[in-house]
Every structure is written in C-alpha cells, then in structure tokens.
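Note that these values count all heavy atoms, side chains included, but never hydrogens, waters or copies made by symmetry. Here the structure is a predicted model, which is why all the values come from computation and not from measurement.
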Amino acid sequence: MTMPLIFERSEAGRRAYSLPECDVPRKDATELLPGWALRKRAADLPEVSEVDLVRHYTKLSQRNHGVDVGFYPLGSCTMKYNPKVNEDAAALPGFSALHPYQPEELAQGALELMYELGRYLCEIGGMDEATLQPAAGAHGELTGLMIIKAYHESRGDGAERTKVIVPDSAHGTNPASAAFCGYKVVEVKSDGRGGVDLDSLRAAMSDEVAALMLTNPNTLGLFDENIVEIAKIVHDAGGLLYYDGANMNAIMGIARPGDMGFDVLHFNLHKTFSTPHGGGGPGSGPVAVKKALAPFLPVPVVEKTDGKFVLDYARPQSIGKVKAFYGNFNVMVKAYAYIRALGAKGLRQASENAVLNANYLMRKLAPYYHLPYDRHCKHEFVLSGEYQLASGVHTGDIAKMLLDYGFHAPTVYFPLIVKEAIMVEPTETESRDTLDAFVDAMIGIAQLAEKDPEALHTAPHKMVVGRLDDVTAARRPVLRWRPNKQTNAG
Amino acid sequence: MNYVPHTDRDRSEMLAEIGVANLAELFSDIPSDVRLGHELRLPAPMSEYDLARHMGALASKNRTTDDLVSFLGAGAYDHFVPSVVRHLVSRSEFYTAYTPYQAEISQGMLQAIFEYQTLMCELTAMDVSNASLYDGATAVAEAATMACRQTRRQQVVISAAVHPEYRTTLKTYARNLGIDVVEAGMKDGATDLEELGRLASSATACVILQNPNFLGSVESMEVAAEVAHRNGALFVACVDPISLGILAPPGEYGADIAVGEGQGLGSPMSFGGPYLGFLTCRQELIRNMPGRVAGETHDPQGRRGYILTLQAREQHIRRERATSNICSNEALSALAAAVYLSWLGKDGMREVADLCLQKAHYAFDRVAAIPGFRPVSETPFFKEFAVRMPVAPEQAGAALLESRILGGLPLGRYYPDLGDAMLIAVTEKRTKEEIDSLCRALEGLA
Ligand SMILES: Cc1ncc(COP(=O)(O)O)c(C=O)c1O
C-alpha cells in the first residue's frame, strides 16, 4: 500500500548499470592515490535492476500532476502547454552535446541562437541589451539589482542609495533578492484599486532609494494604470524601475515594460515562453536592460562581429558572473523555438487569449467567491475565500478539494494583501470546456462549503495520500531515508 | 501557431459572457501612451515542420562531443548518461509540473526529491541535503553566505584552486553583501596550506576548497578542515560527485557544508546548463540552509508521504529575511541524478570513479612521457590533470581538431603563469585507442 522508496527495493548484488571496459592497464587505487584521500565506507546506494528502476520512477510519475495530465491554474506560474517540438529541438545532439568551453567557432549555432533570443527578448520587453545567464526568475532579480547597484556606484551615489522599494503585493523573491543584494527593503502599500499607492510611494521616495521593483500587471493580475506617473516619481528622485517579468504573459505585443519606463526586467522563460517547469526547475531568467545599464551586464555577452558570434568578456564595468558558463542553454533553445513558431502575431494572440480566459473564469466565479478587485483582470485574477470562511472553510481546504476533481489548485495565500487569497491563472492554452469544468468544480466546492464543511476540512479524498501533516514535517524534520535498524526476527 | 484551442465562436461567446464587445475592451486599462503601436519586430511564424528544420540547421552549425573525442572538462564533463535517465526525466508528468506546492497531487516529484536528498547525503556522507540549487558556482556562493549567517562573520577564505568561475560568482554575490573574499594561493598544483593557515582567522566565516581542485589535484581536505575549525570557521568542500565513488567524501574529513556541480550525474553538457547545484550539510546547520527541502510525513490514516518543509527559511514566508532568494531550482536535474545514482548503485558508483581514475592515469603517463610535455604538478589527481606543452595550448587545440579531438582547456586565461598548460579531462567514456590517438597527435606537435 505504501509506495516503497528506491532504497526499499534494493537487493544486494542486483544491478542496472553497465559501464565501458577498463581497457587500460589497471592499477590498484592505492597505487594511484594516497590512503588518506580514499573513501573509507562505500556510499550505500540502492542496488536495483533496470526494470525495477524504470517501474519505480514510472510509478512515481503516475503519482504526479503536470500540465500534460490536466489543468494547472497556478497563479503567477503561467502553466501553459509545453510544445513537444521544442523538447525535440532541445534534445538534438547539436545542442545537448556541446561543451561550454568548446571553441566559439565550433558553437556558432548555439551562439547564434543565444544572440537572436536576446534580441527577441529585447524587442518583446522594449529594452536594448540582454543577458541570458540567470537560471531563474529570482536569479534574474538578483542580477538586475546588482546591475542597478553597479550603475548607481558608477555615478557616485551607490553608497547613499541603500533602499529598494517593493509593493506589499510583491512576490517573496522581490524583497529576498533585494536583501541578497545588500539592500534595505521598504514596503509601499497598494491602493484601493490594487495598484501602487502613489502617496505612499512619494513618501517612500528619496535619494536613498536605488530602485522600485514592480510587476505590471501586478500580482493581483491588474494593470497599474498609473505606471507612467510611478515611473516619473521614481526617476525624478534618481531611482530606477525594475520589472518582475513573471507576468509578461498578459502583455506580449500589447505593451512593453521598456515603454512604461522600466529600466531593467527579467523574463521567466519557464512561464511566458512555454518552457516546462520541470517539477520545480530548471527555469531561465534572462535580464534585459536599457542602454545606460548595458555596460554592467554579467560577462560574457554574446556579440556578433563580421558575421561571427563571439563571447565578449571585455566589459570592464560588468558586475562579473552570477553563474558558471552562460545560463540554462537547453531552456533557451525551447524558448527560442517557441518565439520562432509563434512570431509577433502568435505571441500577441497568446496574451490576448490568456487575458480572455482569465476574465471569463473571473466572471463565472465572481457570484460564488468574493472578488476583492472588481475590474478587468489581465492574465490572472485573485479571489478571496472570505465567503467560505463564514462556514469555517479556508482557502487551503478549497485548494485540497480541487485536487479531487483532477485539477491542480490555484496559488493560495498569495498575494499577502488579499485575505484567503485564491490566485487563478488559466493561460491561453486551455479550452473553454476545461474552463467550464473548473467553474463547475469551484461552484460545487462553494456549495459544499455551506452544506458539509467537514468534507472540505478532510480533503483531498481521492489522491494517493490524504492531507499530509505539514506541522509534524516541520517540527520533527525527516529529510532523508535511513535503513530500519530494527530487524523483524522470525 | 499559438497553441490556443479557441475557435472564433468560442471567443465571441466568451466575450459575451464576460460582458464586453471585443478583446480590446479587456485591455482598456492600459494607457494609450504605453501601448505598443506596432507589431513586434520578430521573424515570421513557422509551421512545426519548418521550425524543426530550422532548429536542425542551427544545431548542425555546432560540432558536438558525440562527433569529436572530448578531453575537455573544467567543470562540465562528458560522462555517460544511460538511456533510462533520459526516458524517465522525459515522463511529462514530471517535466510539465510546477514546484510541488500541493503535496498530495505531487507525491511523485516529492518522493523523487526525498530520494535525491538521501542519495546525496550518502554520497557526501553528510546529514542533510536540500532539493538543489542552480549550479556549482551558485552553490559555492550560497554556502558562503550560509556560513556567514551561521557564524555571524563576514570573511570567506577560498583557495585559488577553486574553479575560476565559481570564485568570480562568489565575489559577485559577496561584494553586495559586504562579505570579504580572500584567496589563498597555490603551490605545486594544490592549495598552499601554509598561506591558508595564515589567512584564516577568528574573523573567517568559512574556508572553501575544491576537491579535486580545478587543476584536477587531490587536496589535503582534512588539513584544510582543521585550519577552518581551529579558527571557529566552517569548512566548505566543493566536490565532484563522481569522484566520491573513490575519494573520501566531505563527511569523512570534517566538512560542515558540501557543495558542488552535479551535472556529471546524468545531465548532458548542453553548452553549460541546466546543471545541478547540490548542497548538503551537518544537521546543526539546517535552519540556515538555502533552498527547498522535502521531508517525510504522514496523512491522517498514517500513510507515509512527502512534503516541502522547513519553509520558514524561504522567501515566500520570510521575505527579506529568507536564507536565500532562490525559488525555482533544478528539480529535473535532481531527478536525473536520482535515477542515475540508482542506476549505478553501490558497485557502479565505485566502478565509474575507478574507470575515470584508471584512464586518466594512463593518459597522464603517456602524455607526460612525450618529449617537451611536463605535468604542472606531481600532486595526486583523479580524472583531470594539467600539463605544460612546448606549443601554445590554443594552437595545440586547433591541431587536435584535425584529428577530430576536442583538446583540453588552455589554462592561461585563468592562471597567467600556466599560459603553456592545458587541462586534460578523461572520463570513463574514453577508450585506450582514443587516448593513444590524443598522444599521437600531441607527439606530432612536440
Ligand atoms: C511574481 C513572481 N516573481 C518572481 C518569481 C520567482 O521566479 P523563479 O521561481 O523563476 O525564481 C515568481 C515565481 O513564482 C513569481 O510568481
């Protein structure tokens, strides 16, 4: 009944591996290395046959939900369909069997792809130059902030500008990245329409502020109409605007952060540009900047000279490196393929339909769930489980119940400014049938909340396990398997 | 192409349900002065067939390590990846999932992460592992900041024999956090332990060494650990996981934190990423550990299950006081590592390390015997070694290509005094014949 761990399938002497012959004269390890350098106790890795190994991980995969299995309306994560042709492209040996240090002349195709992808992203974001080095969104934020810091330092007021402003609706990585870049975080409030409160912003602004981090549409899925005014307030005080690209799926080909006044932005290729999220990663978080910030980009930058693509390290003002090599190249291949397949029109249509789907769901659900900000949303929207709270049902219960319907839950309890938040992002690749089925499930759950709250408290009921005890997990952490020392005699 | 399933009829009915006349109305909140007045300037869309051909053409502009015989390493290694790895990580239930926030519907990935954590603890002989970091370079940087938090000190002593890109990355991170990075130099291809001893002090948060180091040499890790501990600092060991089939693991020489690049555990080289940053540590340090971690728990019926835990360290709870800003990590590479390590098992792990050791030493003996070629050091090594040569290494590399050999890394760019040296890596994939042909080609240059 309990799913065994791979270690519990182990049987001494079984093997899955086969390795090349040792075709050179073999010497004992003790002849080649000093005794102190050698491992004393072998690592206790499981011993299984190949078929056992395959069945084990196949069974595990069957205990997992992905976009290919069903609807995944996880707000802020843009769980759109991941086109298969992109997987095939990325798996081509011409991309996967490349060493990062092989001479540039032997990697012209890879460098061309990176160069062009950087240019496409600049065009989509309204920026001038890009780096593809960051490995994920948060890494992009950190990189972007380092660039901002280097920019201020180059102008002589780096030491004074010690603060970064983030709205109270921001994703946790924004303040965390600011702190990881050595900045003090100042929070500004949201106004009644869900945007940045301009008075709070003005009050927070000073010559100590290095940057404002924002995403637009924001984490409520709402476009901040005051963006031009916000940019002016920040720029007038000598600060820069950082754009968290997590929400780019709302505006491709419709509006560009660069045109709104943003100076730096990161993209999440694993959101907007359809690269699969891999069950937690890898992602890719390219950063694009306005011209004035380009000298500070991490090295190397891919350049094109005389029709050849080269890695340019000769950038004396660069912040350095944020990662070994050039970034998550294999993810870049998929994003590049996606942009080439869709073109300008396809990208715009993707955003338009993402917004259509979100508004459709929002309107269908609004009679049953509290909608704290009642206006057109962009690619996602945030409900509150407040109505259900009256019957003692929490957002967490609603999320768990949805699993029984075969849907992944929306993002819950984020953004923090909405009580019992339920953040829904359907994406453009979902059909009306799927959206309607989700609406039915949500209505059913709203009704159940009134009739039988207990059923929700104990959800899910149809998963391979019931609701897992997170309190015990954190209080008495068991973070690895250990062999059971008690032997069952007899 | 746009992968949108809607028909025009779907769209008009949905707009009607929303209560708007057209799509444009949904965007009416975007001020006209920030609206894009033109179509994005991007290449025309492509059909799937055209795209596949285009991607194939781009790919074919690269020379691959399948096509060449590679002796290039330096942090990315041409280890064999068994078919099971690619097939299992290609299960789309895994690769099309997000982070397992909803544990009950994500038990597959959570259990795989828990298994990965256990495997990495076994391999490094440490108590706990996180669920992965971006890569080896950021893992070093994260370990350094972790040590600074733990010790409340702001200085890191790192060996100049640690991968140059890891050191650069560490410095980029450290600079913004007011962490002072001090480098201990090299002597005979390994860390100068006397200098290390002089640099470490009661102000040092951690001492960082790589084993084998960037030049392939085996370091005296136990001695370095003593230097760190004598000063109340932590010892951070950056290790090649493949080497741990034979070399002493960090837990056996007193490391407090072990980190490294896990690409060799089942991930292709992919021109530098995605790879796998791993971090394991002693039990006492877990509250300062960066990144996600999966833990075992149970449901109301007592069934065993797995869940992301100790989240009070992380950015979505702790925000600016989090132990790191990392959110997405390299889960799929961790899954690949779990499958790869389970494929190897106890004996295979030792065997793959031994094959690298044997073949690298055969290559070393042969190369060192070529007139004019001279090893950079006599220090013991594992699968990689540096050799000085009578011609410029870049020029040698170009000549080797004529024999379809991808030579090692010219070291001058990273160590000016090694301008005549090349770093040669030999994995289990290289045959005696391939090594012999490398030597023949090098002989021709002497
Ligand atoms: C709004 C927002 N910002 C930043 C991030 C961080 O991105 P990543 O997980 O790629 O580091 C996320 C991811 O969930 C997000 O939703």
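Between the CG atom of A:Leu92 and the CG atom of A:Asn330 there is a distance of 10.5 Å, given to the nearest 0.5 Å. Atoms CZ and OG, from B:Arg63 and B:Ser70 in turn, are 12.0 Å apart once rounded to the nearest 0.5 Å. The CZ atom of B:Arg91 sits 11.0 Å away from the OG1 atom of B:Thr96 when rounded to the nearest 0.5 Å.
For chain B, the nearby parts of A:Arg26 are the backbone and the side chain; heavy atoms of each come within less than 4.5 Å. Both the backbone and the side chain of A:Pro25 come within contact range of chain B, with heavy atoms under 4.5 Å apart. The part of A:Lys149 that comes within reach of chain B is its side chain, from C-beta onward, which places non-hydrogen atoms under 4.5 angstrom from that chain. With a 4.5 Å cut-off on non-hydrogen atoms, A:Ala337 touches chain B through its backbone and its side chain both. Interface residue A:Leu74: only side-chain heavy atoms are found under 4.5 Å from chain B. Looking at A:Glu87, only its side chain comes within 4.5 Å of chain B, counting heavy atoms on both sides. With a 4.5 Å cut-off on non-hydrogen atoms, A:Pro20 touches chain B through its backbone and its side chain both. When heavy atoms are compared at a cutoff of 4.5 Å, A:Glu112 approaches chain B solely by way of its side chain, counted from C-beta outward. When heavy atoms are compared at a cutoff of 4.5 Å, A:Val465 approaches chain B by way of both its backbone and its side chain. If you measure heavy-atom distances from B:Thr138 to chain A, the contacts under 4.5 Å come from the side chain alone. The contact between A:Asn82 and chain B is made entirely by side chain atoms (from C-beta outward), counting heavy-atom distances below 4.5 Å. Looking at A:Arg363, only its side chain comes within 4.5 Å of chain B, counting heavy atoms on both sides. For A:Leu222, no part lies near chain B; criterion is any non-hydrogen pair under 4.5 Å. Proximity to chain B is absent for every atom of A:Lys80, based on heavy atoms less than 4.5 angstrom apart. The parts of A:Phe223 that come within reach of chain B are both its backbone and its side chain, each placing non-hydrogen atoms under 4.5 angstrom from that chain. Interface residue B:Asn329: backbone and side-chain heavy atoms are both found under 4.5 Å from chain A. Contact of B:Ala103 with chain A is made through backbone and side chain together, with heavy-atom distances under 4.5 Å. At a 4.5 Å heavy-atom cutoff, the contact between B:Leu341 and chain A is made by backbone and side-chain atoms alike.
Between A:Tyr57 and B:Leu335, the closest side-chain pair of non-hydrogen atoms falls below 4.5 Å. B:Glu428 is listed as a side-chain neighbour of B:Phe80, based on a closest heavy-atom distance under 4.5 Å.
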Chi angles and distances behind the ring-ring contact (aromatic ring centres under 6.0 Å, His included) call for B:His316, A:Phe414
CA-CA 9 Å; B:His316 60 288; A:Phe414 173 71; 9.5 Å; no

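Across all their heavy atoms, A:Ala474 and B:Leu310 have their closest contact at O-CD2, 3.7 Å.
Between A:Glu225 and A:Arg375 a salt bridge is recorded (basic side-chain N to carboxylate O distance below 4.0 Å). The pair A:Arg14-A:Glu47 does not meet the salt-bridge criterion, since no charged nitrogen lies less than 4.0 angstrom from a carboxylate oxygen.
Between A:His408 and A:Tyr72, the ring planes are parallel. Angles under 30° get that label, and only those over 60° would be called perpendicular. Using cut-offs of 30° and 60° on the angle between ring planes, the pair A:Tyr17 and B:Trp343 is perpendicular.
Taking the six-membered ring where the residue is Trp, the centroids of A:His99 and B:Phe271 are separated by 6.0 Å or more.
Here A:Val24 is the residue among A:Val185, A:Asp470, A:Val24, A:Asp259 with the most heavy-atom pairs under 4.5 Å with chain B. By number of non-hydrogen pairs under 4.5 angstrom with chain B, the leading residue of A:Pro298, A:Gly253, A:Gly320, A:Gly346 is A:Gly253. Among B:Ile307, B:Leu247, B:Leu177, the residue making the largest number of heavy-atom pairs under 4.5 Å with chain A is B:Leu247. Between chain B and the residues A:Gln62, A:Glu141, A:Lys345, the largest count of heavy-atom pairs under 4.5 Å involves A:Lys345. Ranking B:His163, B:His361, B:His87 against chain A, the residue ahead of the rest is B:His361, based on heavy-atom pairs under 4.5 Å. The candidate with the highest count of non-hydrogen atom pairs below 4.5 Å against chain B, out of A:Lys59, A:Arg15, A:His270, A:Arg41, is A:Arg41. For the set A:Pro282, A:Pro46, A:Pro460, A:Gly279, the entry with the most heavy-atom pairs within less than 4.5 Å of chain B is A:Gly279. Contact count versus chain A (heavy atoms, under 4.5 Å) is highest, among B:Gln117, B:Glu13, B:Glu252, B:Glu222, for B:Glu252.
If you check the side chains of A:Asn353 and A:Glu428, you find no donor sitting under 3.5 Å from an acceptor. Counting only N and O atoms by type, the side chains of B:Arg292 and B:Thr99 include a donor and acceptor under 3.5 Å apart. For the residue pair A:His56 / B:Glu115, a side-chain donor-acceptor distance below 3.5 Å is found, with atom types taken as modelled.
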